2 protein chains.
Amino acid sequence: MSRKSASVRREEILAATVEEIESTGLRTLRVADVAARLGLSPSLVIYHFVTKEALVAAAFAHAGENDLYRARRLAATRKPAAQRLRDVVQWYMPTGSTRSWKIWIDGWSAGLFDDGVKSTFSILDREWKTILSELIVAGLEVQEFRFSHAREVTEASANGPTGTTVSEMADDCATRILAYLDGLAVQLIFNPESVSPETLSSWVDAFVARELE
Amino acid sequence: MSRKSASVRREEILAATVEEIESTGLRTLRVADVAARLGLSPSLVIYHFVTKEALVAAAFAHAGENDLYRARRLAATRKPAAQRLRDVVQWYMPTGSTRSWKIWIDGWSAGLFDDGVKSTFSILDREWKTILSELIVAGLEVQEFRFSHAREVTEASANGPTGTTVSEMADDCATRILAYLDGLAVQLIFNPESVSPETLSSWVDAFVARELE
DNA sequence: GGTTTTACTGAATCGCTGTTCAGTTAGCTT
DNA sequence: AAGCTAACTGAACAGCGATTCAGTAAAACC
């Protein structure tokens with residue numbers, strides 16, 4: 001039987017874990033199933049990750065970083081900022097299969113009462129916000145975006161008109177966009193008949209346009 | 001030891017289950033803990049609900065119906081439609097404690113791979129949409145709301161301009177509002193430092209205003 | 001007051017699954 | 001080629017927790 005270096009095996013196991021979570025969910029995740037998926041013994045999984053809890057936490061971080069990696073590449077193109085923003089948003093969206101989204105909903109649930117997972121999600125979320133926020137700022141600088149609306153919203157809030165920098169406003173804007181995307185993903189899973197992927201996509205476009213017109 | 005009628009006991013057990021889920025989450029929910037919360041034997045819980053899975057499903061439906069009941073009352077006031085819409089939206093929002101929201105995130109996760117729970121959530125979601133949708137239609141009739149924006153969005157979508165009734169448009173509008181609320185709730189839980197309840201509230205107001213200006 | 005129904009319990013069961021551990025062997029080093 | 005390190009396995013363990021079941025006693029009913 002072929003042996004592999006620890007780092008390679010760990011990667012394989014993480015990938016298998018992610019697949020397993022996506023296909024059957026966290027509730028019924030068994031270490032044995034992850035191992036079986038690779039034709040390995042359950043002991044090996046524990047050998048590499050010490051505990052199931054740690055395995056799960058690592059798997060979420062792994063999946064999250066993968067998505068982020070792709071997003072960062074999309075954000076680093078030479079296209080105009082507006083287009084790059086669109087690309088990144090499209091990538092975040094549950095366009096094709098809702099399958100890949102299920103893992104995040106499962107992850108939220110796990111994060112509710114597990115501080116390790118929770119902080120992983122906080123971090124991933126902030127990374128996404130940073131990507132979007134920077135794209136927004138970039139677009140503002142080249143005047144692809146206005147910001148009329150966001151400014152108005154921010155000034156109406158309790159913060160008061162002073163002390164809100166452009167980047168803070170962009171952060172908030174990113175937060176709103178991501179929130180909308182998350183919420184729509186949930187809708188897509190629980191009421192797929194009421195929202196088709198296409199309408200969903202157009203709604204998101206409209207939302208972004210309203211934020212940055 | 002005091003005995004109670006089956007229906008009363010069931011209610012008690014459901015309430016206790018909801019509390020238990022809210023405080024420690026679904027992952028670690030044990031029948032024994034629910035029973036202990038009421039000073040009863042675990043066997044009794046099973047006696048009434050046959051299986052843990054059924055108990056959990058019933059608990060979600062129970063909690064959901066409770067929230068809906070309150071929402072319907074808020075929607076049936078004599079206030080102007082705009083105000084009632086506000087009230088219902090505020091009630092849906094995670095204003096005070098995020099605690100009550102955790103159960104829904106847990107519920108989504110459970111619904112991902114449990115068709116019983118999933119359909120419960122579909123139903124609850126449709127109920128919420130109906131409430132909002134009817135309020136929107138009511139507001140339109142009295143011309144408290146315009147609908148300029150929503151019309152424009154709908155016509156831009158793949159459906160084509162024909163065949164979209166007012167009530168369909170209101171439904172879609174409700175879907176978008178609920179999605180935004182769901183997404184913001186998730187944000188509030190995983191990045192409470194980046195969004196205060198107040199700003200969140202103002203964002204929602206702005207969103208609704210944009211939809212119905 | 002007796003009988004039946006039905007809420008309720010305690011203890012035992014039983015399956016499941018994460019984890020341990022003693023041992024095996026592939027593959028690198030020298 | 002010998003030896004060491006580290007990946008890997010199989011079988012056993014262990015604990016948890018849902019479910020069962022035989023039995024108890026409140027109510028409800030007559």
Side-chain angles (χ1 to χ4, degrees), chain A residues 1-60 62 106-107 109-110 113-117, chain B residues 1-60 62 106-107 109-110 113-117:
Chain A
M1 299 169 188
S2 70
R3 293 188 173 190
K4 306 195 175 173
S5 75
S7 63
V8 171
R9 249 304 111 87
R10 283 179 57 99
E11 289 280 314
E12 279 185 5
I13 294 175
L14 286 177
T17 306
V18 170
E19 284 168 23
E20 196 65 24
I21 294 175
E22 280 175 350
S23 72
T24 65
L26 202 53
R27 318 278 326 279
T28 62
L29 180 73
R30 284 176 300 178
V31 179
D33 293 338
V34 174
R37 201 171 260 267
L38 298 168
L40 301 171
S41 67
S43 339
L44 185 63
V45 176
I46 294 297
Y47 170 73
H48 281 297
F49 290 93
V50 183
T51 174
K52 180 191 177 184
E53 204 181 333
L55 169 68
V56 170
F60 280 127
H62 181 77
D106 248 342
S109 158
F113 301 96
D114 177 323
D115 288 337
V117 175
Chain B
M1 298 170 189
S2 70
R3 293 192 171 187
K4 306 195 176 174
S5 75
S7 63
V8 171
R9 250 301 114 84
R10 283 179 58 100
E11 288 281 314
E12 279 185 7
I13 294 174
L14 287 176
T17 306
V18 170
E19 285 170 22
E20 196 65 24
I21 295 175
E22 280 177 349
S23 73
T24 66
L26 202 53
R27 316 280 322 283
T28 61
L29 180 72
R30 285 176 300 179
V31 179
D33 292 338
V34 174
R37 202 173 261 266
L38 298 167
L40 302 171
S41 67
S43 339
L44 185 63
V45 176
I46 295 298
Y47 170 74
H48 280 296
F49 291 91
V50 183
T51 174
K52 181 190 175 182
E53 205 181 332
L55 170 68
V56 170
F60 279 129
H62 182 77
D106 248 342
S109 158
F113 300 96
D114 178 323
D115 288 336
V117 176

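Source: prediction; values computed, not measured. The sequence lines fix the lettering, A, B, ..., with proteins before strands; numbering per chain opens at 1. Side chains included, hydrogens not; waters and symmetry mates left out as well; all remaining heavy atoms used.
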Candidate nucleotides [options], ranked by approach to the side chain of [X] - the nearest:
| X | options | answer |
| --- | --- | --- |
| B/Arg3 | C/dT19, C/dC8, D/dT9 | C/dC8 |
| A/Ser41 | D/dT20, C/dC8, D/dG10 | D/dG10 |
| B/His48 | C/dA7, D/dC8, C/dT9 | C/dA7 |
| B/Ser43 | C/dC8, C/dT19, D/dC21 | D/dC21 |
| B/Lys52 | D/dC8, C/dA7, D/dA18 | D/dA18 |
| B/Thr51 | D/dT9, C/dT20, D/dT19 | D/dT19 |

To the nearest 0.5 Å, what is the distance between NZ on B/Lys52 and OG1 on B/Thr17?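 One gets 10.5 Å once the value is rounded to the nearest 0.5 Å.
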
Nearest 0.5 Å please: distance from the OG1 atom of A/Thr24 over to the CZ atom of A/Arg30.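 A/Thr24 atom OG1 to A/Arg30 atom CZ measures 8.5 Å (nearest 0.5 Å).
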
Distance, rounded to the nearest Å, where [X] contributes [atom1] and [N] contributes [atom2]:
| X | N | atom1 | atom2 | result |
| --- | --- | --- | --- | --- |
| B/Lys4 | D/dA28 | NZ | P | 14 Å |
| A/Glu53 | D/dC16 | CD | C1' | 16 Å |
| A/Phe49 | D/dC8 | CZ | C1' | 15 Å |
| B/Arg27 | D/dA18 | CZ | C1' | 17 Å |
| A/Arg9 | C/dA26 | CZ | P | 14 Å |
| A/Leu44 | C/dC21 | CG | C1' | 15 Å |
| B/Arg10 | C/dT6 | CZ | C1' | 15 Å |
| B/Leu29 | D/dT19 | CG | P | 11 Å |

A/Leu40 versus A/Arg9: any side-chain heavy-atom pair under 4.5 Å?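 Side chain of A/Leu40 against side chain of A/Arg9, heavy atoms only: contact under 4.5 Å found.
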
Is the closest side-chain heavy-atom distance between A/Phe49 and A/Leu14 below 4.5 Å?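 Yes, their side chains come closer than 4.5 Å.
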
DNA chain C: A/Arg30 or B/Pro42, which has the more 5' nearest nucleotide?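 Nearer the 5' end of the strand: B/Pro42.
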
List the atom of B/Pro42, the atom of B/Val31, and the distance in Å for their closest heavy-atom pair.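 Minimum heavy-atom separation between B/Pro42 and B/Val31: O-CG1, 4.0 Å.
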
For a quick check of understanding: with a heavy-atom distance under 4.0 Å over all strands, which category does A/Leu38 fall into, base, sugar-phosphate or nothing?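 Answer is nothing: A/Leu38 stays at 4.0 Å or more from every strand.
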
Measuring to OP1 and OP2 of C/dA7, would you say a side-chain N or O of B/Tyr47 lies under 4.0 angstrom away?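 B/Tyr47 to C/dA7 OP1/OP2: side-chain N or O found under 4.0 Å.
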
